Amino acid sequence: MPRVPDVDTDGTPAMGAVSRRGFLATLGVLPALALVPGRSRGEPAAPRPAPGWRVFHLTTDVEVLRPAGVTRAWIPIPAFSADWQRPGKTEWTGNATSVRLVGDVRDGAPMVAAEWRREAAAPRLTVHSAVAVRERPPASTRRRADPLDRKTRERFTTATRWIPTRGVVAETAAGLTRGATTDLDKARAIYEWVVQHAYRDPATRGCGDGDVKAMLARKALGGKCADINALYVALARSVGLPARDLYGIRVAESRLGYRSLGCASPTVTRAQHCRAEVFVREGGWMPVDPADVRKVMLEEKAAPTTLDDPLVRAARSRLLGSWEMNWVAYNCAHDVYLPGASGSPLAFFMYPQAETEMGRLDCLDPDNFKYSITATAA
């Protein structure tokens with residue numbers, strides 16, 4: 001791979017280069033692990049591995065097959081930072097007129113944004129990111145958490161365009177948490193209800209729309225991870241529990257033996273997966289994933305099974321309070337306004353996006369917007 005020229009501190013290309021290097025620190029997202037010095041030319045630096053941590057390299061290749069006028073693209077990167085995920089460096093190369101690391105307008109979710117001039121014939125971009133992750137411990141092993149600050153609590157208890165917290169959502173959550181005396185009891189009651197009443201719909205495109213309002217309007221709680229876990233977030237927020245969806249991608253096979261919850265090869269183009277977190281005073285941000293319980297029920301065996309199946313029961317127990325970290329998080333942004341975009345906001349940002357003067361391209365339509373994603377362990 002050719003060497004990627006540096007970017008000047010103001011974000012402009014050094015010496016007129018059209019391929020550029022970006023750093024998460026540009027957005028104030030400081031990697032929690034030091035970067036490995038002396039990396040190979042053109043390869044993204046990785047966080048130093050430590051006991052219990054796994055390092056992954058993600059590469060996203062994007063090509064717009066039918067450009068029209070000015071073409072733009074936005075690529076999500078694994079920039080979420082927590083005690084279970086530490087971002088490394090992000091770099092890119094391609095033939096774009098300009099490339100920069102930016103945050104979305106509302107939540108500041110980091111992304112790589114590229115633009116090609118009208119005369120560009122074959123817009124293409126390759127983005128490399130490094131990230132380290134470690135397992136999420138069970139909730140029972142965590143200490144009581146300090147309260148969230150007012151601003152953070154308000155952010156994660158407020159309704160969004162697609163995630164309502166009033167009306168039938170509030171009524172449902174109030175009913176099923178009645179009698180619960182702790183945050184953990186409330187979080188568990190909501191989790192069990194969603195697992196019991198929502199269902200995975202294989203006809204849903206991609207990971208779903210994340211539109212809880214639409215689910216309620218059609219009185220059908222079917223969908224995929226972005227729908228089912230958004231329902232959990234809406235119910236939790238409606239009773240005052242801070243909650244959020246985390247949008248990311250599976251990067252390795254499951255070490256727990258769940259075929260349906262992992263990747264069998266380094267090609268992870270279609271492995272996007274949304275998870276959820278809820279903040280409880282008994283342990284801080286607690287992972288939950290009711291959507292994956294339903295995925296195990298539908299896909300783990302040759303034929304769909306039931307919630308009473310031992311494999312499903314085991315997943316149901318584990319996915320309240322812990323995650324297997326063969327997955328990395330891009331961001332937790334809702335109502336995403338892509339910087340410089342002419343199209344409407346997104347419910348979430350988990351897939352590469354692009355638009356031309358003809359409008360926003362369908363991120364699930366490879367005939368017009370071609371991309372591939374690979375993940376390899378360091």
Side-chain angles (χ1 to χ4, degrees), residues 29 32 52 80-86 107-109 133-160 163-198 210 212 225 228-248 274-293 315-325 327 329 331-335 348:
V29 183
F80 191 87
S81 183
D83 61 358
W84 46 268
Q85 176 167 303
R86 298 178 179 178
D107 285 331
V133 294
R134 65 177 176 181
E135 298 296 299
R136 302 291 302 269
S140 60
T141 67
R142 301 193 193 112
R143 299 177 180 177
R144 188 174 181 85
D146 293 331
L148 294 176
D149 62 80
R150 182 191 60 80
K151 185 176 181 180
T152 301
R153 173 170 283 276
E154 180 178 322
R155 175 186 177 190
F156 294 117
T157 54
T158 300
T160 74
I163 299 179
T165 58
R166 297 182 179 179
V168 67
V169 174
E171 294 168 8
T172 301
L176 61 93
T177 59
R178 187 172 293 116
T181 58
T182 68
D183 286 355
L184 187 56
D185 288 341
K186 293 178 182 179
R188 180 181 292 109
I190 295 170
Y191 173 83
E192 298 294 353
W193 187 90
V194 172
V195 169
Q196 196 71 35
H197 291 84
V212 176
C225 57
I228 297 172
N229 288 340
L231 176 62
Y232 181 91
V233 168
L235 291 165
R237 289 187 179 190
S238 74
V239 292
L241 293 178
R244 60 193 180 191
D245 286 305
L246 281 87
Y247 301 99
C274 161
R275 287 174 164 177
E277 283 186 316
V278 59
F279 187 87
V280 296
R281 284 171 289 184
E282 296 82 6
W285 284 109
M286 183 177 74
V288 295
D289 195 346
D292 261 358
V293 180
R316 183 173 185 169
S317 176
R318 194 180 196 281
L319 290 169
L320 173 64
S322 66
W323 290 339
E324 181 185 8
M325 290 307 297
W327 168 91
N331 59 71
C332 63
H334 293 280
D335 295 4
F348 57 85

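Everything numeric here is computed off the predicted structure, so don't read it as measured data.
Atom CD1 of I163 sits about 13.0 Å away from atom OH of Y232, to the nearest 0.5 Å. If you take CD on E135 and OG on S322, they are separated by 8.5 Å, rounding to the nearest 0.5 Å. F348 contributes atom CZ, which lies 12.0 Å from atom CG of D335 (distance to the nearest 0.5 angstrom).
Shown here is D149, whose CG atom has more than 12 heavy atoms of other residues, nucleotides or ligands within 6.0 Å.
Not a single donor-acceptor pair under 3.5 Å links the side chain of T152 to the backbone N or O of L148. Of the possible polar contacts, none joining the R134 side chain to the G52 backbone as a donor-acceptor pair under 3.5 Å is found. Remark: side-chain polar atoms of E277 are not paired, donor with acceptor, to backbone N or O of P287 under 3.5 angstrom. At least one donor-acceptor pair closer than 3.5 Å links the side chain of N229 to the backbone N or O of C274.
Nearest heavy atom pair, residue A230 against residue G210, reads CB-O, 4.3 Å. The two atoms that bring L241 and V278 nearest to each other are CB-CG2, 3.9 Å, heavy atoms only. Closest non-hydrogen pair, F80 versus Q85, comes out as O-NE2, 2.9 Å. Of all heavy-atom pairs between A276 and D245, the closest is CB-OD1, 4.0 Å. Contact between A145 and G283 at its shortest, heavy atoms only, is CB-C, 4.0 Å. R275 and E324 make their closest contact through NH2-O, 3.1 Å (heavy atoms, listed as atom of the first residue, atom of the second, distance).
Each salt bridge (Lys or Arg N to Asp or Glu O under 4.0 Å) pair with one or both residues in residues 175-185, not counting sequence neighbours, appears once here: D183-R281, D185-R188.
Using a 4.5 Å cut-off on side-chain heavy atoms (C-beta onward), T182 and E282 make contact. The side-chain heavy atoms of M286 and L184, taken from C-beta on, include a pair separated by under 4.5 Å. Side-chain contact between I190 and V239 is present, with heavy atoms from C-beta onward closer than 4.5 Å.
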Discussion item. Please determine whether side chain to side chain donor-acceptor pair (under 3.5 Å) holds for the pair D107 and N331, giving the CA-CA distance in whole Å, both sets of side-chain angles, and the decisive distance to 0.1 Å.
Written reply: CA-CA 9 Å; D107 285 331; N331 59 71; over 6 Å; no
Worksheet entry | Test side-chain contact (heavy atoms from CB on, under 4.5 Å) applied to R237 and T160, step by step | CA-CA 11 Å; R237 289 187 179 190; T160 74; 3.7 Å; yes
Discussion item. Under the criterion side-chain contact (heavy atoms from CB on, under 4.5 Å), I'd like the reasoning laid out for L231 against W193: C-alpha separation, chi angles, the key distance, then a yes or no.
Written reply: CA-CA 11 Å; L231 176 62; W193 187 90; 4.2 Å; yes
Item to complete: Before giving the answer on side-chain contact (heavy atoms from CB on, under 4.5 Å), spell out for H334 and Y247 the whole-Å C-alpha distance, their side-chain angles and the decisive distance to 0.1 Å.
Response: CA-CA 10 Å; H334 293 280; Y247 301 99; 3.2 Å; yes
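Tested against D289 for a side chain to side chain contact (heavy atoms under 4.5 Å, CB included), the candidates L319, V195, L320 yield a single pass: L319.
W285 carries R244 over the face of its six-membered ring, with the cationic atom under 6.0 Å from the centre and within 45° of the normal.
The aromatic rings of W323 and W84 stand perpendicular to each other, their planes meeting at an angle above 60°, with 30° marking the opposite boundary.
For the residue pair R316/Q196, the side-chain donor-acceptor check at 3.5 Å is satisfied.
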